[in-house]
Number of protein chains: 2
Amino acid sequence: MGEKRTPSGFLLKQRAFLKLYLITLTEQERLYGLKLLDVLRQEFKPFGYRPNHSEVYKALHDLIEDGILKQVKQKKEGMKYQEVVYYRFAEGGQEKAKLYKRQLKAELDRCAALIRKAIEDNFG
Amino acid sequence: MGEKRTPSGFLLKQRAFLKLYLITLTEQERLYGLKLLDVLRQEFKPFGYRPNHSEVYKALHDLIEDGILKQVKQKKEGMKYQEVVYYRFAEGGQEKAKLYKRQLKAELDRCAALIRKAIEDNFG
DNA sequence: CAATGAACATTATGTTCATCC
DNA sequence: GGATGAACATAATGTTCATTG
């Protein structure tokens, strides 16, 4: 009967990666779930990475639980009836977002270094 | 009732990463499981990555199934009775290893680019 | 049918147990 | 106790289904 698991500290998880992007996108434009998915897929297409809709929704829900984002249900542009869920920063969310991004920056740097090392060690 | 899963193409998996290192280490020195684990932990310690013994064994077993490595059971240096499992290339394994490494090189480059992009997009 | 979300399924990986010198 | 491996358990994430407008 297992207890909590301690991560081995390999590369960062997809969820965290998406949360980072979703914060940054929220700083920039007002978008809703599936649109965010579209944008991300476009961005990552040249890199062979195609996130799925569930991961994006879970990342968004995570950010809400973290107190970083909040939902704003609104009629879709132009549409009369289609209501979609936009996101903006929660009260105090900006600060928490800044903190999260700082952590992720360190994490990305770490991963970059690990990968660089692997390239050197195995192909240098 | 789920079918096969298609990977989203995010970062490379720990297993593949370890297999790459185990091939390279096999090219260099003759080591057995737990020693390989030691070496890897030492290497990655500064990067906050600490693989566990099961992952290393599974990676080695994978490489055997791939026809890349084979086991050589031998008495441990100096020890009279302690028998350990060393690894060397299987027949034709060198070629397959070369192929695998080529794939992993591409994969590592892709991951490096993805991470670099994330740093630019979110902190640039 | 687009959008959201939950339920469900599987894979990746971490932890514990068994066995053998 | 070191070494190997399998069994077991959980976490991460992909796929399908339900609901709503």
Side-chain angles (χ1 to χ4, degrees), chain A residues 1-19 22 30-41 44 48-65 69-87, chain B residues 1-19 22 30-41 44 48-65 69-87:
Chain A
M1 213 147 296
E3 292 296 300
K4 299 278 177 55
R5 283 171 50 151
T6 59
S8 72
F10 189 53
L11 301 176
L12 97 160
K13 298 287 182 280
Q14 181 181 195
R15 182 76 51 87
F17 183 91
L18 288 177
K19 284 169 74 174
L22 291 169
R30 190 112 317 152
L31 293 171
Y32 61 92
L34 281 198
K35 269 305 176 215
L36 289 160
L37 179 66
D38 270 358
V39 171
L40 293 169
R41 282 182 175 170
F44 300 133
Y49 170 40
R50 184 184 151 90
N52 64 50
H53 85 272
S54 266
E55 269 304 309
V56 169
Y57 281 124
K58 285 182 221 167
L60 286 167
H61 298 338
D62 261 29
L63 288 167
I64 292 171
E65 282 205 356
L69 296 188
K70 69 177 177 186
Q71 298 192 323
V72 182
K73 289 175 192 179
Q74 242 177 270
K75 303 267 178 297
K76 197 169 157 187
E77 309 288 293
M79 296 295 164
K80 294 209 187 56
Y81 299 120
Q82 178 70 296
E83 202 172 49
V84 296
V85 181
Y86 291 90
Y87 292 87
Chain B
M1 211 148 299
E3 292 296 301
K4 300 276 178 54
R5 282 170 52 149
T6 59
S8 72
F10 188 53
L11 302 175
L12 98 159
K13 297 288 180 280
Q14 181 181 197
R15 181 77 49 86
F17 184 90
L18 288 176
K19 285 170 72 175
L22 291 169
R30 189 112 316 152
L31 293 171
Y32 61 92
L34 281 198
K35 268 308 175 213
L36 288 160
L37 179 65
D38 270 357
V39 170
L40 293 169
R41 282 183 175 171
F44 300 133
Y49 170 40
R50 184 184 150 92
N52 63 51
H53 84 274
S54 267
E55 269 305 308
V56 169
Y57 281 124
K58 285 181 220 164
L60 286 166
H61 299 336
D62 262 28
L63 287 168
I64 292 170
E65 281 205 357
L69 297 187
K70 70 177 176 187
Q71 299 192 321
V72 182
K73 288 174 192 179
Q74 242 176 272
K75 303 265 178 298
K76 197 168 156 186
E77 309 288 291
M79 296 295 165
K80 294 207 187 56
Y81 298 118
Q82 178 69 296
E83 201 172 48
V84 295
V85 181
Y86 290 91
Y87 292 86

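A, B, ... follow the sequence lines: proteins, then strands. Residue 1 opens every chain.
- You'll find that the side chain of A:Tyr87 is closest to C:dG5, out of D:dG2, C:dG5, C:dT4.
- Nearest to the side chain of B:Lys13, among D:dT4, C:dT13, D:dT13, sits C:dT13.
- Among C:dT13, C:dA3, D:dG14, the nucleotide with an atom closest to any side-chain atom of A:Gln14 is D:dG14.
- Looking at B:Leu40 and B:Leu22, their side chains come closer than 4.5 Å, going by heavy atoms from C-beta outward.
- The base of D:dG5 has none of its N or O atoms less than 3.5 Å from a complementary donor or acceptor on the side chain of B:His61.
- Comment: B:Asp38 engages B:Lys35 in a salt bridge, judged by a side-chain N to carboxylate O separation of less than 4.0 angstrom.
- Look at CZ on A:Arg50: it is 10 Å from P on D:dT15, rounded to the nearest Å.
- In the interface, the side chain of B:Thr6 is not paired with the base of D:dT15 through any donor and acceptor atom under 3.5 Å apart.
- The base of C:dT13 is paired with the side chain of A:Arg5 by a donor and an acceptor separated by under 3.5 Å.
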Dump the pairs, protein N or O against N or O of nucleotides 18-20 of chain D, anything under 3.5 Å, distances to one decimal.
none

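- For the pair A:Leu34 and A:Tyr57, the minimum side-chain heavy-atom distance is below 4.5 Å.
- One atom, CG of A:Leu60, and another, P of C:dA3, lie 14 Å apart when rounded to the nearest Å.
- The side chain of B:Tyr57 approaches D:dG5 more closely than any other nucleotide in the set D:dG14, D:dG5, C:dG14.
- DNA chain C is contacted by both A:Asp38 and B:Glu55; A:Asp38 maps to the nucleotide lying nearer its 5′ end (nearest heavy atom per residue).
- Relative to the side chain of A:His53, the nucleotides C:dT16, C:dG14, C:dA6 differ in distance, and C:dA6 lies closest.
- Regarding contacts with the backbone of D:dT13, every side-chain N or O of A:Ser54 stays at 4.0 angstrom or more from both OP1 and OP2.
- Considering only residues two or more places apart in sequence or on other chains, A:Tyr49 meets the side chain to side chain donor-acceptor pair (under 3.5 Å) condition with A:Gln14.
- Residues meeting the salt bridge (Lys or Arg N to Asp or Glu O under 4.0 Å) test with B:Lys70, sequence neighbours left out: B:Glu91.
- Taking side-chain N and O atoms only, B:Gln71 has no distance below 4.0 Å to OP1 or OP2 of D:dT4.
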- Begin from the C-alpha positions of B:Tyr87 and B:Gln71 and carry the test side-chain hydrogen bond (donor to acceptor under 3.5 Å, both in side chains) through to its verdict. CA-CA 5 Å; B:Tyr87 292 86; B:Gln71 299 192 321; 3.3 Å; yes
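- For B:Lys35 against D:dG2, a side-chain-to-base donor-acceptor contact under 3.5 Å is absent.
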